[in-house]
Amino acid sequence: MRVASVVVACAIFIVGCGTQVPTPSPSPSPGSSNPPTLGPSPTVGPTTDTGLPTTILGLPVYTVAGINRLAASGALDGRFAAVAGYLRQYALPCPFMPHQPPLSGFCYGGRFGDTPESVEGTSGMYSAPLAVTETSGARSLWNSSTGPFGGDSSRVALIVHAGDPRSWQCDPAQQSACAARLVIDRVVWANDAEVVLDQLSDGLQMTLDQVIGAAAGVGETEVLAWPLKAGALNDVDPRFIGQGLGNVWYVRLMTAAPGADGMAPGKDVLLDDATGAVIATLPLEVDPAYSPARVTLDTNGQVSDKFGEAHFLLTRSGFVLANGVLNSSSSPFALEPGDYSLTAWGNSGAILASPRPLAECSLDFSLAAGDDVTYYADWPHRGDCTWKQGAWPFN
């Protein structure tokens, strides 16, 4: 048995707005006299009489029923596979719920099936796979729909995986279900048109071609490349938390041809945007020994008008792991066992230039494998601050 391993993004969020800064192509990795050879150019294979592709990116295409059986069995954990079918997405009117992890599928409406009829009725219908922050081509899933609430079904071909490390951000009782969720790495084809890899470069040092050239080795095929702030890695791959500074690129690569089962191994690469250097590399498949703690951060929301919005800083051994606004919209963290420090403070726009944040409080704490804890910053009305451990402080 597998160890317990938002509304889904309907738009692509691009980090680092600003003027493009041209830079030379990144140097080859140490010990190599030549740049790496990229894998074959992505191509869509022949389609069936139904109009659905039968191969994409060199992967044979599974039916929707087949891919869901794979995910449920755990065979798809940490491996890429291709699936094609009919997808219908729609928005749901949902009450706000705090700290929803990306893989929970909260407030996401979608049906996925092998025929148009299966996504309009109930027979042969499966929940739609999840488009997450880094999903390449996610916008095309919505642009190709024309009916109300996301519209009629679209014919799509996707690269997906299961057993994602973000499943540890889910409630312990839901971790197995989160691990079995299909995560969309890339939309390759939608309604008779190939979807190209997202070209994201505004305000960044590296172009997409430079990123792929620095990350991919001989015979490896790019699946996606996504730029983000290093402090936001928890939202994409919590295994990389604390690595890198400033803008980084998160790249997923197919590392070998598919096996007899039609699935292929992969790896995740983290690149520094400023230098093009590889910061870290991990297999797509999560190490069975990976057993992080689940940590939820919040505030009781009583920061006074004087001190403004609550902020936080999470560090380990002096290295910044995450920082940002402290509120109930953030996902839980998946953190390795060890010692950590938290700082919270309140700041209003009028005092952002102050040399020190006001109403600051700090906490040192330790985590063991499998812990599930919540810490919240408590601001009484007088304006001082204390970290407390306990349930979410609804107000």
Side-chain angles (χ1 to χ4, degrees), residues 1-5 74 77-78 98-104 132-133 161-181 183 228-245 248 250 267-270 278-299 312-324 326 328 330-344 361-377 386-393:
M1 176 178 287
R2 183 186 9 249
V3 177
S5 36
D77 287 3
H99 307 296
Q100 291 299 311
L103 299 194
S104 69
V132 288
T133 298
H161 74 272
D164 192 278
R166 286 167 290 194
S167 59
W168 273 267
Q169 298 168 348
C170 295
D171 183 275
Q174 299 297 320
Q175 283 177 1
S176 292
C178 287
R181 293 298 298 262
V183 175
L228 71 161
K229 296 293 185 182
L233 280 165
N234 183 66
D235 294 333
V236 173
D237 194 330
R239 298 175 299 169
F240 287 113
I241 286 177
Q243 303 190 61
L245 295 171
V248 295
Y250 178 77
K267 70 179 183 182
D268 303 326
V269 181
L270 192 66
V278 174
I279 300 169
T281 300
L282 285 170
L284 178 67
E285 184 175 11
V286 178
D287 189 330
Y290 182 64
S291 183
R294 180 176 184 262
V295 180
T296 305
L297 301 180
D298 209 337
T299 177
F312 79 97
L313 178 70
L314 175 66
T315 63
R316 184 180 187 185
S317 301
F319 291 96
V320 175
L321 307 185
N323 61 86
L326 186 62
S328 57
S330 59
S331 299
F333 287 89
L335 300 175
E336 297 274 13
D339 299 325
Y340 296 84
S341 295
L342 272 172
T343 300
C361 57
S362 297
L363 173 72
D364 295 328
F365 62 100
S366 298
L367 296 173
D371 279 351
D372 182 19
V373 295
T374 296
Y375 293 102
Y376 70 94
T386 305
W387 279 104
K388 295 182 178 180
Q389 182 176 348
W392 298 323

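The figures that follow rest on heavy atoms only: side chains count, while hydrogens, waters and symmetry mates do not.
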[atom1]-[atom2] distance between [X] and [Y], expressed to the nearest 0.5 angstrom:
X	Y	atom1	atom2	value
Leu297	Thr374	CG	OG1	8.0 Å
Trp168	Cys178	CH2	SG	11.0 Å
Ile241	Phe333	CD1	CZ	6.5 Å
His99	Asp298	NE2	CG	3.0 Å

Taken in chain and number order and not counting sequence neighbours, the residues that satisfy side-chain contact (heavy atoms from CB on, under 4.5 Å) with Ala280 are Phe240, Gln243
Over all heavy atoms of both residues, which pair between [X] and [Y] is shortest? Give the atoms and the distance, please.
X	Y	result
Pro337	Ala369	CG-N, 3.6 Å
Ala293	Ala368	CB-O, 3.6 Å
Arg181	Leu103	CG-O, 3.7 Å
Gly244	Ala230	O-CB, 3.4 Å
Ser366	Asp339	OG-OD1, 2.5 Å
Cys170	Gln175	O-NE2, 3.3 Å

In the structure I gave you, are the side-chain heavy atoms of Ser362 and Thr343 within less than 4.5 Å of one another anywhere? yes
Would you call Gln169 and Pro102 a side-chain contact if the rule is heavy atoms closer than 4.5 Å? yes
Side chain of Arg166, backbone of Asp235: donor and acceptor closer than 3.5 Å? yes
Do side-chain atoms of Thr299 reach the backbone of Ala377 as a donor and acceptor pair under 3.5 angstrom? yes
Sorted by chain and residue number, the salt bridge (Lys or Arg N to Asp or Glu O under 4.0 Å) partners of Arg239 (sequence neighbours excluded) come out as Asp237, Asp268
So salt bridge (charged side-chain N to carboxylate O under 4.0 Å, His left out) across residues 361-372, not counting sequence neighbours, yields Arg294-Asp372
Here's a test for you: under side chain to side chain contact (heavy atoms under 4.5 Å, CB included), which of Leu313, Leu245, Leu314 qualifies with Val320? Leu313
Trace of the side chain to side chain contact (heavy atoms under 4.5 Å, CB included) decision for Thr133 with Leu228: CA-CA 10 Å; Thr133 298; Leu228 71 161; over 6 Å; no
Side chain to side chain donor-acceptor pair (under 3.5 Å) against [X], all qualifying residues, sequence neighbours excluded:
X	value
Ser317	none
Asn323	none
Tyr375	none

So, for Trp387 and Phe365, is the gap between ring centers shorter than 6.0 Å? no
